[in-house]
4 protein chains.
Amino acid sequence: MRLAAELFAEKGYQATTVRNIADEAGILSGSLYHHFDSKESIVDEILSSFFDELNADNKAVLERGGDPRTVLTELVRNCFRTLVPHRAAVMVMQNDWNYLRQFDRFDYLARAEEETERLWVGQIKRGQETGLFRDDIDARLTYRMIRDTIWVAVRWFQPAGPLDAEGVADHYVAVLFDGISTGPR
Amino acid sequence: MRLAAELFAEKGYQATTVRNIADEAGILSGSLYHHFDSKESIVDEILSSFFDELNADNKAVLERGGDPRTVLTELVRNCFRTLVPHRAAVMVMQNDWNYLRQFDRFDYLARAEEETERLWVGQIKRGQETGLFRDDIDARLTYRMIRDTIWVAVRWFQPAGPLDAEGVADHYVAVLFDGISTGPR
Amino acid sequence: MRLAAELFAEKGYQATTVRNIADEAGILSGSLYHHFDSKESIVDEILSSFFDELNADNKAVLERGGDPRTVLTELVRNCFRTLVPHRAAVMVMQNDWNYLRQFDRFDYLARAEEETERLWVGQIKRGQETGLFRDDIDARLTYRMIRDTIWVAVRWFQPAGPLDAEGVADHYVAVLFDGISTGPR
Amino acid sequence: MRLAAELFAEKGYQATTVRNIADEAGILSGSLYHHFDSKESIVDEILSSFFDELNADNKAVLERGGDPRTVLTELVRNCFRTLVPHRAAVMVMQNDWNYLRQFDRFDYLARAEEETERLWVGQIKRGQETGLFRDDIDARLTYRMIRDTIWVAVRWFQPAGPLDAEGVADHYVAVLFDGISTGPR
DNA sequence: CATGAATGAGGGTTCATTCAT
DNA sequence: AATGAATGAACCCTCATTCAT
């Protein structure tokens with residue numbers, strides 16, 4: 001699975017052949033089918049384990065409570081933290097989701113994402129209602145921008161680089177809440 | 001080309017067969033080869049025409065001059081404006097670039113992007129130097145966040161929706177410069 | 001199609017590979033798919049053309065009318081006559097139907113057979129009602145025996161042998177109507 | 001063996017996988033190889049046990065003696081009686097023989113069938129010589145028709161149906177000797 | 001400008017069989 | 001007696017591409 005995930009991340013799901021994965025594992029392609037039903041089921045396991053962990057972490061943040069800014073900050077940190085161990089899964093989501101979503105078996109991922117959207121949008125709206133966030137922005141649109149910006153970072157983010165996950169998360173949160181301008185709003 | 005672009009955008013480059021494109025055009029697959037050298041050359045033309053236009057627009061903004069905030073605002077608007085006519089090309093870049101970049105023939109796109117990066121990062125740094133932008137943010141990191149957020153929007157942006165390209169651009173610029181928080185920075 | 005039919009007849013549907021067929025045709029296996037959708041569709045065409053012709057012939061016999069003995073005799077002759085040009089199709093029906101019937105696409109063959117059964121059984125019953133045939137035999141059971149005996153003959157019948165199709169048919173009809181015994185019934 | 005026979009009968013020899021058999025037996029496919037050398041040897045055992053029993057029964061009939069009509073009647077009854085306990089073996093012979101005969105190891109079955117043919121044809125000819133059977137019929141052809149009609153009945157014969165093995169045998173013998181017509185021959 | 005037949009490489013998958021444990 | 005991992009060959013099928021017409 002780990003080897004397959006890396007190949008999917010590097011070359012893309014479609015461009016990775018079952019034979020590639022087997023080669024990497026040092027076995028024959030047919031032998032893979034002793035462990036997996038199909039190529040689809042491999043990527044399914046990769047993605048679902050990623051989503052399961054992310055959802056659990058998100059729920060934990062919600063349960064800890066706090067004002068919307070705190071909650072959003074923690075959610076963002078969650079994402080960037082997840083980026084490292086699930087780099088491959090995120091990469092697949094970014095590059096291959098448009099292909100994978102056509103298969104019924106991945107419907108559950110679309111539903112999971114909808115639930116996540118409700119969770120984030122709920123926090124943004126609460127922030128607007130309590131006067132913490134500007135109310136001239138669209139909550140749903142803002143969520144999508146946040147979401148996309150975070151996950152797409154997988155394409156260039158290097159944990160070994162100058163900024164680690166925490167560092168990038170904080171940088172991102174800083175821009176998100178206060179913008180890049182100086183001076184009064 | 002337009003038909004091919006739409007198919008690439010909808011199903012992805014790899015998942016779109018030459019036969020799909022030919023069917024859409026009402027001819028046989030072999031006949032396509034009177035118009036194109038290869039499947040790669042089709043997507044190449046789609047992408048290069050997009051990049052050419054975008055680069056030209058970006059350069060025009062630079063030539064008009066102005067303070068960094070104005071320039072960045074115009075650059076963002078440029079992008080969102082380009083999103084509509086070049087929706088398919090952007091979609092391909094988002095979904096299939098990871099696959100396409102392995103071919104030498106697309107190296108020029110990577111180089112074009114590097115140039116664009118220099119252009120944007122230059123403006124951000126100029127803003128920091130003139131005290132317009134916070135200097136506790138990383139210019140390169142910030143550029144990447146801006147870039148990703150804009151282009152990834154192609155996945156959900158609908159020009160016929162509540163916000164048109166201009167609207168989304170302004171929304172985005174508002175958040176970018178001043179953040180989503182109220183109150184003093 | 002003719003080549004494929006012969007291979008199916010000789011080795012069986014499952015044991016005949018697409019490559020076998022292509023080799024026989026002097027092309028590559030992939031090239032077959034320019035002419036056929038799938039291996040299934042090849043056998044489908046073979047079988048349906050056989051059934052179509054047989055049904056048409058049967059209907060023609062019915063339309064010509066006559067007493068049940070005459071009609072049954074003609075139906076039997078029809079079958080044996082069909083055996084020669086559609087040898088391969090009959091062979092496939094005998095050997096591979098048990099496998100093929102699991103696929104929905106061949107449901108129509110089962111339905112066609114039911115219709116044929118009604119036709120034959122109708123004639124046998126009419127013979128019994130008019131006192132032409134013994135009424136201590138079961139019409140449906142008798143039909144099945146007739147049917148099976150005829151078609152299974154494909155396994156050994158050789159048109160170039162001592163008896164041609166007509167000869168075998170007449171032999172069969174003789175036994176069927178009057179039995180192999182001499183003396184009074 | 002019983003489980004394998006049922007699967008072979010239901011789905012066909014080729015379409016039944018070793019894994020199918022093992023699943024049915026509640027073990028893993030590899031474990032089957034402690035009991036059988038190969039898939040072929042399983043079907044071999046099924047078929048040979050069927051043929052052994054049938055041959056023994058046939059020889060017993062011959063030894064009991066009697067006029068050809070009596071002997072043939074008993075041979076037919078033998079077959080239909082064997083149909084019930086060896087349903088699966090007969091099914092395999094009907095559906096898969098064309099495939100299995102290509103393997104040398106099953107040559108003995110072809111030879112056993114030749115011997116059986118001699119036995120039956122001998123009785124028919126004896127009947128013709130003694131004036132019991134019409135001599136305008138071909139003994140060998142008639143044997144084949146009898147044989148085929150009997151065994152192919154496995155496809156629809158249901159011991160729990162209106163007619164049991166004995167009933168079908170008698171029905172068949174009645175038609176065979178006296179035909180389905182009324183009136184003088 | 002288009003056809004349509006064919007190529008050839010490779011795709012995911014199946015499956016009888018082996019074998020160390 | 002059974003496991004479970006692996007083999008290796010083959011299977012059906014796909015698809016970008018070529019080319020004579």
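By convention in this document, chain letters (A, B, ...) are assigned in the order of the sequence lines, proteins followed by strands, and residues within each chain are numbered from 1. Scope of the values below: all heavy atoms of this structure, side chains included, with no hydrogens, waters or symmetry mates. Here the structure is a predicted model, which is why all the values come from computation and not from measurement.
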Inset, instruction - For A:Asn98 and B:Arg155, run side-chain hydrogen bond (donor to acceptor under 3.5 Å, both in side chains): C-alpha distance rounded to whole Å, both residues' side-chain angles, the deciding distance at 0.1 Å, then the answer. - result: CA-CA 9 Å; A:Asn98 196 44; B:Arg155 290 186 181 156; over 6 Å; no
Donor-acceptor list for residues 39-46 of chain C side chains, cut-off 3.5 Å, not counting sequence neighbours:
from, atom 1, to, atom 2, distance (Å)
C:Lys39, NZ, C:Tyr13, O, 3.0
C:Lys39, NZ, C:Thr16, O, 2.9
C:Ser41, OG, C:Asp37, N, 3.4
C:Ser41, OG, C:Ser38, N, 3.3
C:Ser41, OG, C:Ser38, O, 2.9
C:Asp44, OD1, C:Tyr108, OH, 2.4
C:Asp44, OD2, C:Arg105, NE, 2.9
C:Asp44, OD2, C:Arg105, NH2, 3.2

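- Shortest non-hydrogen contact noted between B:Ala5 and B:Ala88 is O-CB, 3.3 Å.
- Note that CH2 of A:Trp156 is 7.0 Å distant from CG of B:Asp148, once rounded to the nearest 0.5 Å.
- Computed from coordinates, the B:Ile21 CD1 to E:dA2 C1' distance equals 17 Å when rounded to whole Å.
- Atoms CG (B:Leu7) and C1' (F:dC15) sit 15 Å apart, rounded to a whole Å.
- In this entry the distance linking CG of B:Asp44 with C1' of F:dA16 reads 17 Å, nearest Å.
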Legend entry - Dot-bracket notation for DNA chain F, counting Watson-Crick and G-U pairs under 3.5 Å, with | for partners on another strand: .||||||||||||||||||||
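- The minimum heavy-atom distance linking C:Asn95 with D:Gln94 is given by the pair OD1-O, 3.9 Å.
- Between the CZ atom of A:Phe103 and the P atom of E:dG12 there is a distance of 12 Å, given to the nearest Å.
- Atom CD in D:Glu10 sits 12.5 Å away from atom CZ in D:Phe8 (nearest 0.5 Å).
- The CZ atom of B:Phe36 sits 15 Å away from the P atom of F:dT18 (whole-angstrom rounding).
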Legend entry - side chain to side chain contact (heavy atoms under 4.5 Å, CB included) assessment of D:Leu100 paired with D:Val92: CA-CA 9 Å; D:Leu100 296 173; D:Val92 168; 4.0 Å; yes
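- Across B:Leu3 and B:Ala25, no two heavy atoms sit closer than the pair CD1-CA, 3.7 Å.
- If you find the closest nucleotide of DNA chain E to A:Glu40 and to D:Asp37, the one lying nearer the 5' end belongs to A:Glu40.
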Legend entry - nucleotides 5-12 of chain F: protein proximity per nucleotide (B base, S sugar-phosphate only, - neither; heavy atom, under 4.0 Å): BSBB-BSB
